[in-house]
Each structure stands twice: as structure tokens, then as C-alpha cells.
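Counting convention: from 1, in listed order, for ligands and their atoms alike.
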Amino acid sequence: MTTVDDLAEARALLGDLVAGAGRAVVFTGAGVSTESGIPDFRSPGGIWSQRQPIYFDDFLADEDARLEDWHRRFEMRKLFDAATPNTAHRAIAGLVQSGIVGAVITQNIDGLHQRSGVPEDKLIELHGNATSAGCLDCGAGMSLDDAFAELEASGHAPRCFTCGGLVKARVVSFGQPMPVHEMGRAEAAARDCDLFIAAGSSLVVYPAAGFPLAARMNGATLVIVNRDATEQDQAADYVLRGTIGAIFEPLAVSAP
Ligand code: NAD
Ligand code: ZN
């Protein structure tokens with residue numbers, strides 16, 4: 001494992017690795033979006049670091065938990081709507097457009113990779129996306145505007161217009177099963193790449209955090225780009241320590 005703390009060296013190394021890659025995958029966590037103004041979980045002071053997660057079973061069983069979940073969703077939506085893609089999002093989108101990066105696997109639910117131009121067929125959202133909601137029984141969609149209107153009008157957590165089932169933001173809560181299709185796509189991407197770049201994740205949330213290791217075991221070069229130490233630094237080929245936007249900036253500048 002080689003750790004690089006110097007910004008110029010980190011930029012040069014990342015540029016060389018990307019230029020030499022046949023098929024690269026980028027894996028992102030909350031740290032990629034902090035420079036867009038969205039706090040992460042595990043940095044000190046992040047608003048969400050002070051909150052207990054709402055588990056899926058509690059959402060199913062308890063109306064108060066559902067209402068709290070919805071209030072957090074609406075609050076988060078304001079944050080997400082106000083945010084715009086940052087340098088790292090743009091650099092990653094550029095690498096996808098130029099064909100170097102074949103897949104972006106993200107734990108983020110903020111929709112900023114789409115908004116930066118990563119097409120759906122190259123984007124794997126492991127934890128869903130907080131910009132829409134759906135019925136847990138029949139799958140029918142509901143917009144957040146409709147969910148908000150329902151909650152305001154009734155005082156209750158929104159119910160499906162079609163079947164009356166519980167509606168939930170289309171994100172994977174703690175204790176909720178991972179989406180099978182996305183997990184399969186991420187596994188295939190991790191298996192088939194020769195360069196795997198994990199950026200802005202503490203790499204502690206499983207099963208998502210299993211993909212960097214899976215790629216490494218399949219022979220890919222593993223690069224971790226993060227400000228703080230991660231759980232998997234020891235397993236990486238290179239750890240680029242610093243601010244993500246600054247390290248990715250030259251790639252954003254050269255993006256098509
Ligand atoms: P995390 O909060 O556990 O780790 C984020 C990491 O990013 C930290 O190690 C921190 O050092 C690093 N970091 C933050 N800003 C950085 C910057 N500008 N430059 C370099 N490094 C920086 O995040 P995680 O591993 O993604 O796990 C959090 C879970 O919570 C995920 O499952 C995710 O779905 C969810 N989450 C999502 C969002 C979002 O969608 N933007 C935000 C918070 C949490
Ligand atoms: Zn329904």
C-alpha cells in the first residue's frame with residue numbers, strides 16, 4: 001500500500017492510473033457530495049451524525065417512525081435540490097463519457113451523479129435515490145410532492161393511491177434488503193474492471209463496502225481517495241489522502 005499525501009503527486013498518480021486503465025470503475029460515498037453542501041455521516045459535525053437511523057422494521061411497524069422518516073426526507077430534499085454537482089461529479093461524468101469508466105457504483109442517494117451527466121445504464125445506485133417514492137406492496141410510484149401533500153392533508157404517513165399500501169422513499173434503509181438487480185450489476189462491474197477507484201467513503205457500510213475488496217481480489221488495482229483513513233486502506237494499492245474535489249480537478253478540466 002502506497003499512501004500519497006501530496007496534492008500534486010496524488011493528481012499525477014490518479015491521472016496516470018486512469019490513462020493506463022482498460023476498464024475502470026468508480027465507487028462513491030457521501031464524501032463525494034460534501035463539497036456540494038451535503039453533509040456526510042461520519043465526519044464530525046455532520047447533521048446526520050447526531051441522528052439515530054430509522055430501521056426498516058420500525059418504518060413498517062410504527063407510524064411515528066414513518067412520520068419521522070418522511071420529515072427527514074422532506075428536509076433532505078431541500079438540501080438535495082439546493083445542491084449542484086461539484087468538480088468530482090463532473091470529472092467522473094467526463095470519465096464515463098470518454099469511455100474510461102464503465103460503471104459508477106454509488107452509495108449516495110442525492111441524485112448528483114445523474115445530474116452531472118452519468119447515464120442510467122452506467123450508474124448503479126446501491127442505496128436507491130431519495131428523489132422519488134414508491135409503494136412497498138404494489139410498487140406504484142408516488143412523487144415527493146404528492147407524498148408531501150398527502151401527509152399535510154391527513155397528518156398520516158402517505159398510503160398508495162392504488163392499493164393503500166405503505167409508501168416509502170425509494171432508498172434502502174438500514175435493515176432493508178439490498179436491491180437484487182443493482183447488486184448484480186455492481187458485482188459484475190467489480191469483477192470486470194482493472195482499475196477500481198473508491199472515493200469519499202469510510203468503507204464501513206456493508207454489503208456496499210465489499211465491492212472494492214472484490215475488485216482487488218479479481219486483480220484490479222484498488223485506489224482509495226479520501227480525506228480520512230478508511231477501513232480498507234491496508235487492502236488498497238494506493239491511498240490518495242486529501243480533498244476529493246482538488247484531487248479530481250485536473251480530470252474535470254480535461255473532461256470532454
Ligand atoms: P461516510 O460518511 O461513512 O464517509 C464519508 C467519508 O468521506 C469520510 O471518511 C470522510 O473522511 C470523507 N470525506 C468527506 N468529505 C470529503 C472531501 N471533501 N474530500 C475527501 N474526503 C471527504 O459515507 P459513506 O461511506 O458513503 O456511508 C454513508 C452512508 O450514508 C451511505 O450508505 C450513503 O448511502 C448514506 N449517505 C448518503 C449521502 C448522500 O447521498 N450524499 C450523505 C450522507 C449519507
Ligand atoms: Zn400500492
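For atom 4 (O) of ligand 1, the choice among A208, A198, S202 with the nearest heavy atom turns out to be S202. Taking only non-hydrogen atoms, the option from A229, A30, G245 nearest to atom 23 (O) of ligand 1 is A30. In this comparison of Y206, F27, F41, the heavy atom closest to atom 29 (C) of ligand 1 sits on F41. Distances from atom 10 (C) of ligand 1 to the heavy atoms of I247, D228, L203 put D228 nearest.
The aromatic rings of F148 and F74 lie perpendicular to each other, with more than 60° between the two planes, well past the 30° mark. Ring geometry for H89 versus H113: interplanar angle over 60°, hence perpendicular rather than tilted (30 to 60°).
Contacts of I38 with ligand 1, taken as heavy-atom pairs under 4.0 Å, involve the side chain alone. At a heavy-atom cutoff of 4.0 Å, ligand 1 is contacted by the backbone of P39 but not by its side chain. Proximity of H127 to ligand 1, defined as any heavy-atom pair under 4.0 Å, is confined to the side chain (atoms from C-beta onward).
For ligand 1, the atoms closer than 4.0 angstrom to any heavy atom of S33 are 41 (N). Every atom of ligand 1 with a heavy atom of E35 under 4.0 Å away is listed here by number and element: 17 (C), 18 (N), 19 (N). Listed by number with element, the atoms of ligand 1 under 4.0 Å from a non-hydrogen atom of G29 are 26 (O). Heavy-atom proximity to T34, at under 4.0 Å, picks out these atoms of ligand 1: 14 (C), 15 (N), 16 (C), 17 (C), 18 (N).
Ionic pairing of D121 and R185 is not present here: no N-O contact between side-chain nitrogen and carboxylate oxygen is shorter than 4.0 angstrom. A salt bridge is defined here as a Lys NZ or Arg NE, NH1 or NH2 lying under 4.0 Å from an Asp or Glu carboxylate O, and R66 with D62 fails to meet this definition. A salt bridge is absent between E187 and R191; no separation between the charged side-chain nitrogens and carboxylate oxygens falls under 4.0 Å. Contact check on R77 versus D110 returns no salt bridge, with no Lys/Arg side-chain nitrogen under 4.0 Å from an Asp/Glu carboxylate oxygen. Ion pair E249/R11 flagged as a salt bridge, since at least one NZ, NE, NH1 or NH2 atom sits closer than 4.0 Å to an Asp/Glu carboxylate oxygen.
No donor-acceptor pair under 3.5 Å is formed between the side chain of D194 and the backbone N or O of T221. At least one donor-acceptor pair under 3.5 Å links the side chain of Q97 to the backbone N or O of G117. Between the side chain of E231 and the backbone N or O of A209, no donor-acceptor pair lies under 3.5 Å.
Between T243 and ligand 1, a contact under 3.5 Å exists for no N or O pair. Taking distance alone, with nitrogen or oxygen atoms compared against 3.5 Å, V204 stays at or beyond that limit from ligand 1. Of the N or O atoms in F80, none lie within a sub-3.5 Å distance of an N or O in ligand 1.
Residue-and-atom listing of protein N/O/S atoms under 2.8 Å from the Zn ion (ligand 2), sorted by chain and number: C135 SG, C138 SG, C160 SG, C163 SG.
Ligand 1 has G242 within reach: a non-hydrogen atom of the residue lies less than 4.0 Å from it.
Cluster annotation: I92 and I247 are assigned to the same hydrophobic cluster (Ile/Leu/Val/Met/Phe/Trp/Tyr, side-chain heavy-atom contacts under 4.5 Å, transitive).
No side-chain donor-acceptor contact under 3.5 Å links D145 and S143. No hydrogens or angles considered: a donor-acceptor pair under 3.5 Å links the side chains of Q107 and S201.
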